[in-house]
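Chain letters run A, B, ... following the sequence lines, proteins first and then strands; every chain starts at 1.
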There are 2 protein chains.
Amino acid sequence: MLRQAAEFPQRIRATRDLILAGQRTPGPLLVLDGWLGRVQLFSDGRRQILSFLLPGDVIQDAGTFQPVAPSTITALCDAVLCSAPAPEDEGPREAYAASAALDEIYLLRQIARLGRMSAYERIQDWLSEMHERLLLAGAAGPESFPMPLTQEMLADALGLTSVHVNRTLQAMRRDGILEWRGGTVRLRQSAATNGARARPMPEAAISAFRKALLAG
Amino acid sequence: MLRQAAEFPQRIRATRDLILAGQRTPGPLLVLDGWLGRVQLFSDGRRQILSFLLPGDVIQDAGTFQPVAPSTITALCDAVLCSAPAPEDEGPREAYAASAALDEIYLLRQIARLGRMSAYERIQDWLSEMHERLLLAGAAGPESFPMPLTQEMLADALGLTSVHVNRTLQAMRRDGILEWRGGTVRLRQSAATNGARARPMPEAAISAFRKALLAG
DNA sequence: CGAGAACTTGAGCAGCATCAAAGAGAGTGG
DNA sequence: CCACTCTCTTTGATGCTGCTCAAGTTCTCG
């Protein structure tokens, strides 16, 4: 089914909105390539990226009930999507539930990150998460992964300014735990580094689904 | 069905954990009284309250799929729960989906709050949200609402220190927009105050469900 | 080669944290 | 009814983290 759906890819250019908050939601979509973000705009210009949608992620909006989209979804770089099979069918239903469960975990992690981590920790933790997720989707190597975002987007996701993100990245490079050149990131886990988190991750149970979904 | 389930209330005392992250989830629960919080603890003692569970809220964990709880749930004050009807039944299914949709909206709002609002704005916005939610649940008056939390809990939810929460609350009192005495809050919406947010709220479509759920 | 976007750098400041200690309630037991 | 204790709130002094403003510098791409 997935292979069939992928026959009709839909392209979207960077900075374009895919879905506007408050609009009726379209059917479920699958991200084939590129990164999108759920975004909240403030009337004074502030912007918060709420979560990321990476290749392999499904856009479904909460249990397929959602009458309207709870947030705007923007393409953070050029991206390719296709429509995903209807959740009514028996097979995919479990997959959708698993995907929703994962999404929730990432939202909770984002809250803990913004609420209780320093800038340095936020960037580290966020890069780790992106790497994990891309690995699950088969879109990253074990040592490095693609990073199509600008430092300003990173700032909008992590509740910082781009200036401070820049300085913090430099500190990480100086500490020898980060390389970021030409859209590719290599992050070393400085062992002592991440003692702060005690993360609940039912990933083992769930990753199987993601892989199946992506096999197509 | 709800009335029947409520025949067997389960009490839990403040500071006790109801569910531990990583544990198997029990069946869905309904909060009858008291406030609970989904909590993330850091190994160095930092704590982040990820979200709140108020009277009328359902604890179901993401589309009823979740194999294990994604976060610890703690009673923030003495609380009363009962088990909720199984989501397999045809009637409640839609109600569960609506509840999950609402939960997601509150998580997204919490992210925007932590990422891009000042301490003053966070407290204002959070108090507004609690008032709205309690109104939906019929657990608040139009002008004021009960607030059983300490300033330190508020700090843990909003990514601040209790000292700074205290000072900010005093500023709000000085500005005449807040009264908080004896566990009751009265918040004046200083019109100019909330221009910053452009919130997506499919509440109209959803509140009906909450009311129905609570009628019992 | 020019122009825009992205990244860097510096100086100065503000918001919020930290540390420490002093009130103010609220419940308990004598 | 009054210590007593515990938790919660309040206050002060001080300093770090991250923001603001402003100006380069490098990169990308047509």
Might you list the N or O atoms of the protein lying below 3.5 Å from N or O atoms in nucleotides 14-16 of chain C, with each pair's distance?
unit_1, atom_1, unit_2, atom_2, d
C:dC16, OP1, B:A119, N, 3.0
C:dC16, OP2, B:H164, NE2, 3.3
C:dC16, O5', B:H164, NE2, 3.4

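- When all heavy atoms are compared, the tightest approach of A:G56 to A:L30 is O-CD1, 3.6 Å.
- Remark: B:N166 is in phosphate contact with D:dT10, judged by side-chain N or O atoms under 4.0 Å from OP1 or OP2.
- Comparing the helix axis at one end of the helix from C:dC1-D:dG30 to C:dG30-D:dC1 with that at the other, each defined from 5 consecutive pairs, gives an inter-axis angle of 40° (nearest 10°).
- Distance alone, capped at 3.5 Å, places no donor-acceptor pair between the B:R38 side chain and the B:S51 backbone.
- Taking every heavy atom of both residues into account, B:I49 and B:G37 meet most closely at CG2-CA, 4.5 Å.
- Applying the salt bridge (charged side-chain N to carboxylate O under 4.0 Å, His left out) test to pairs two or more places apart or on separate chains, those with a residue in residues 138-157 of chain A are A:R47-A:D156, A:D156-B:R116.
- Screening residues 151-188 of chain A for ring pair (Phe, Tyr, Trp, His ring centres under 6.0 Å) gives no qualifying pairs among residues at least two apart or on separate chains.
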### Message
Quick one, A:Q40 with B:L108, criterion side-chain contact (heavy atoms from CB on, under 4.5 Å). Give me CA distance, side-chain angles, the key distance, then yes/no.
### Response
CA-CA 9 Å; A:Q40 169 84 271; B:L108 296 179; over 6 Å; no

Got a list of side-chain donor-acceptor pairs under 3.5 Å for residues 8-22 of chain B, not counting sequence neighbours?
unit_1, atom_1, unit_2, atom_2, d
B:D17, OD1, B:T74, OG1, 2.7

### Task
Test side-chain contact (heavy atoms from CB on, under 4.5 Å) on B:L81 and B:L36 and set out the steps.
CA-CA 10 Å; B:L81 309 157; B:L36 318 205; 4.1 Å; yes

### Task
Scan nucleotides 19-28 of chain C nucleotide by nucleotide, 5' to 3', and note B when protein non-hydrogen atoms come under 4.0 Å of the base, S if they reach only the sugar-phosphate, - if neither.
B---------

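- The shortest heavy-atom contact between B:S162 and B:A155 is N-CB, 3.5 Å.
- Residues satisfying the salt bridge (charged side-chain N to carboxylate O under 4.0 Å, His left out) test with A:D103, not counting sequence neighbours, are none.
- Using a 4.0 Å cutoff on non-hydrogen atoms, the parts of residues 146-158 of chain A near DNA chain C are A:T150, A:Q151, ordered by number.
- Here B:E129 pairs with B:R109, B:R113, B:R133 under the salt bridge (charged side-chain N to carboxylate O under 4.0 Å, His left out) rule; sequence neighbours left out.
- Taking B:R174 as the reference, nothing meets the salt bridge (charged side-chain N to carboxylate O under 4.0 Å, His left out) condition, with sequence neighbours excluded.
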#### Entry: Criterion side-chain contact (heavy atoms from CB on, under 4.5 Å) on A:E179 and A:R188, from CA distance to verdict
CA-CA 9 Å; A:E179 293 174 46; A:R188 256 176 278 283; 3.0 Å; yes

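- Side-chain nitrogen and oxygen atoms of B:Q170 include none within less than 4.0 Å of the OP1 or OP2 phosphate oxygen of D:dT9.
- Rounded to whole Å, atom C1' of D:dC8 lies 17 Å from atom CZ of B:R181.
- Looking at heavy-atom distances under 4.0 Å, A:R116 makes no contact with the nucleic acid at all.
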### Task
Mind running side-chain contact (heavy atoms from CB on, under 4.5 Å) on A:F42 and B:E121 for me, showing each step along the way?
CA-CA 12 Å; A:F42 291 59; B:E121 291 170 317; over 6 Å; no

### Message
Can you build the contact string for nucleotides 25-30 of chain D? Use B for base contact, S for sugar-phosphate-only contact, and - for no protein heavy atom under 4.0 Å.
### Response
------

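- Annotation: ring pair (Phe, Tyr, Trp, His ring centres under 6.0 Å) contacts involving residues 121-144 of chain B, sequence neighbours excluded, comprise B:F52-B:W126, B:H131-B:F145.
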